[in-house]
Amino acid sequence: MNTRRLTGEAAVYTFGIVLDTLAPFLVLPILGRYLTPGQFGLADVITATAGLTYFAVGFNLDQALTRYYYDEEDAHRRRLVTTHLAIVSVSGTVFLVLGVMGLHAFRDGLQDLPAWHWALLSVPLMVMSDQAATLFRLQHQPFKQLGLLSVRAFVWVLFTFFFLVWWRAGISSIFIGRVAGAVFGLGASGYALRRLYALRGSLPFAIRALRFSLPTLPAAFASWGLVNAARYFLVIGASAEETGYYGVGVRLTYIVSTIGIGVVMAWGPFFMGIKQEPDAREIQARGLLYFIAANVVCIVPLLMFAREAVLLLMGSQYLPAIRLVGPMLAATLFSNLSLFLFVQISVSERTHWQSVSYAIGLVVMVIANVLLVPAMKGMGAAIAMLCGHLATAGTMWFAGQTVYTVPVSVTRVGILIVVLTGCLVSAPAMTTWFGTTFQGISVRALLTVLLWSACLAAVGARDVVRFARTMVGKRT
């Protein structure tokens, strides 16, 4: 894979993630009209619970598949892929049996039991659908992956709308849509991937995959806690309104996190394919620097125009959420950085560092929530989120430089952090002083361009061109 192909695939992957993220936004006005706030809150709890159990079915095997796929010849790759499918099939079946038994045992204490059943069924189907998307990515077929995500998102929106509006199925509509989207997505991708599977798997492949992926599960659970725990602290220690403002801030960060995930999805297979080359460490270092710069470039305009973004997406009643946007966007930068650093750690197969890093981040975030939320409410939760992701990224940085040292320019990274800090400080002041007047918008636009220029100076325009030239012809 050369630089042009890497860039193209990253763009397609990012668009696919945007599409997958955009689907829930399309039905928000419908959910708000047909579900009461209590129902909407219950749906959020069920969704979060399904997200937690997702890791108990998938075991993060997509990371192991990415790590070992290029180490095998074509014939062994088919057995490798079949092995991973077999593991997920067995774990999914066991999960469904135990899940149904658990729901039956606690049925008297659960609200809307049918919704819980549909959510339970959606988990293994989503895991298998995501595994198919990973296979398209490993084969460098981004448009087929985009097709899978498109089908899944479109069917999810269609079925949710139909069952909610016409059948009045309530909360269950959301999860019926998820099940339908996963089934249609698997059907669409099954034919395209049929040649990748063998008649049988391999026990050594299964042991190796689980040995690689199981140490990452604590990190996955901790990551889930980093994303979802603050909501519970806010509900208990503040109010439902503060939780809503927090949710608006989280949605604005999706733009940055989506771009970051798209780049990492392309970078992982690319770097694993060239990790044996003599200049691999230099390439990882440069990629890390440019990745941080790209995140800062995306964050700057969102910070400068947070007021306009909230008004456009949610309306004036959610304007108090503006104060939370800065810390949450900074937290997203460090969250994306942790994902990129995991690629570096994966080369050494010391994947336990991911779990250690996320566990440290979760502990820091929980302590910060306990201390800050009672006094600062939503802002306390946002700062706690930033502290947690900063602790995670810092630990991952230390681990990455310990197990697979790369020559990162600390000075240039420091300049980017200074740019981000300056934007965090100046953006609220600019909005307060000038408001949404033409003068205020012009000043913020000019400041955005100046901060972008500082980012370009930090990475070095000539170095970027030189790096691109050295990457031309790199193949995986």
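Bear in mind that the values here come from a model prediction, so they are computed numbers and not experimental data.
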Is any side-chain heavy atom of Val88 closer than 4.5 Å to one of Pro124? no
Any Val366 side-chain heavy atom under 4.5 Å of Val363 side chain: no
Donor-acceptor pair, distance only, cut-off 3.5 Å: does the side chain of Ser172 make one with the backbone of Ala115? yes
From Thr332 atom OG1 to Leu302 atom CG, the distance as rounded to the nearest 0.5 Å: 9.5 Å
Keeping the roles fixed (side chain from Ser335, backbone from Ala331), state whether a donor-acceptor pair exists under 3.5 Å. no
Heavy-atom distance under 4.5 Å between the side chains of Gln284 and Phe340, does that happen here? yes
Just wondering, more than 12 heavy atoms not from Phe221 lying within 6.0 Å of its CZ? yes
Can you list the steps and then say if Met396 with Leu337 is a side chain to side chain contact (heavy atoms under 4.5 Å, CB included)? CA-CA 9 Å; Met396 293 277 280; Leu337 179 59; over 6 Å; no
Separation between CD1 (Ile383) and CG (Leu372), nearest 0.5 Å, reads 6.0 Å
Tell me if the centroids of the rings in Phe55 and Trp224 come within less than 6.0 Å of each other. no
Beyond-backbone contact of Lys144 with Ser189, side-chain heavy atoms, under 4.5 angstrom: no
Scanning both residues in full, the closest heavy-atom pair of Val296 with Cys455 reads CG1-SG, 3.5 Å
Identify the heavy atoms of Gly225 and Met365 that sit nearest to each other, and give their distance. O-CE, 3.6 Å
Plane angle bin for Phe163 and Trp167 - parallel if under 30°, tilted between 30 and 60°, otherwise perpendicular: tilted
Inter-residue atom distance Phe136.CZ - Leu149.CG, 0.5 Å rounding: 10.0 Å
Does the side chain of Glu308 reach to within under 4.5 Å of the side chain of Arg444, using non-hydrogen atoms? yes
Non-hydrogen side-chain atoms of Phe184 and Phe159 separated by less than 4.5 Å: yes
Is the shortest heavy-atom distance from the side chain of Phe342 to the side chain of Trp353 under 4.5 Å? no
If I compare all heavy atoms of Leu333 with all of Ile292, which pair ends up nearest, and what's the gap? CD1-O, 4.2 Å
Measure the spacing between CG of Leu148 and CG of Leu186 and express it to the nearest 0.5 Å. 7.5 Å
Where is the tightest heavy-atom contact between Trp118 and Val179, given as atom of each residue plus distance? O-CG2, 3.5 Å
What's the verdict on side chain to side chain contact (heavy atoms under 4.5 Å, CB included) for Thr66 and Arg137, showing C-alpha distance, side-chain angles and the deciding distance? CA-CA 9 Å; Thr66 300; Arg137 177 163 54 89; 3.8 Å; yes
Is it the case that the side chain of Trp156 and the backbone of Val151 share a donor-acceptor pair, with hydrogens and angles ignored and the cut-off at 3.5 Å? no
Rounded to the nearest 0.5 Å, how far does CZ of Phe175 lie from CH2 of Trp116? 8.0 Å
Please evaluate residues Tyr358 and Ser338 with respect to the criterion side chain to side chain contact (heavy atoms under 4.5 Å, CB included), reporting the C-alpha separation (whole Å), side-chain torsions for both, the decisive distance (0.1 Å), and the verdict. CA-CA 9 Å; Tyr358 277 96; Ser338 298; 3.8 Å; yes
Mark yes or no for whether Arg178, through its side chain, and Ser122, through its backbone, hold a donor-acceptor pair below 3.5 Å. no
Is a side-chain donor or acceptor of Gln344 paired with a backbone partner of Gly400 at a separation under 3.5 angstrom? yes
Trace of the side chain to side chain contact (heavy atoms under 4.5 Å, CB included) decision for Thr160 with Ile176: CA-CA 7 Å; Thr160 300; Ile176 292 174; over 6 Å; no
Could you tell me whether the side chain of Pro407 reaches within less than 4.5 Å of the side chain of Glu282, counting heavy atoms only? yes
Mark yes or no for whether Ser213, through its side chain, and Ala64, through its backbone, hold a donor-acceptor pair below 3.5 Å. no
Contacts of Asp130 that satisfy salt bridge (charged side-chain N to carboxylate O under 4.0 Å, His left out) - sequence neighbours left out: Arg152
Side-chain donor/acceptor of Ser173 to backbone N/O of Leu164, under 3.5 Å: yes
In short, Ala285 meets Val406 closest at the heavy-atom pair CB-CB, 4.0 Å
Separation between CD1 of Ile299 and CG of Asn295, rounded to the nearest 0.5 Å: 5.5 Å
Sub-3.5 Å donor-acceptor pair from the side chain of Ser129 to the main-chain atoms of Leu125, do we have one? no
Can you give me the closest heavy-atom contact between Leu103 and His117, atom names plus distance? CD1-CD2, 3.8 Å
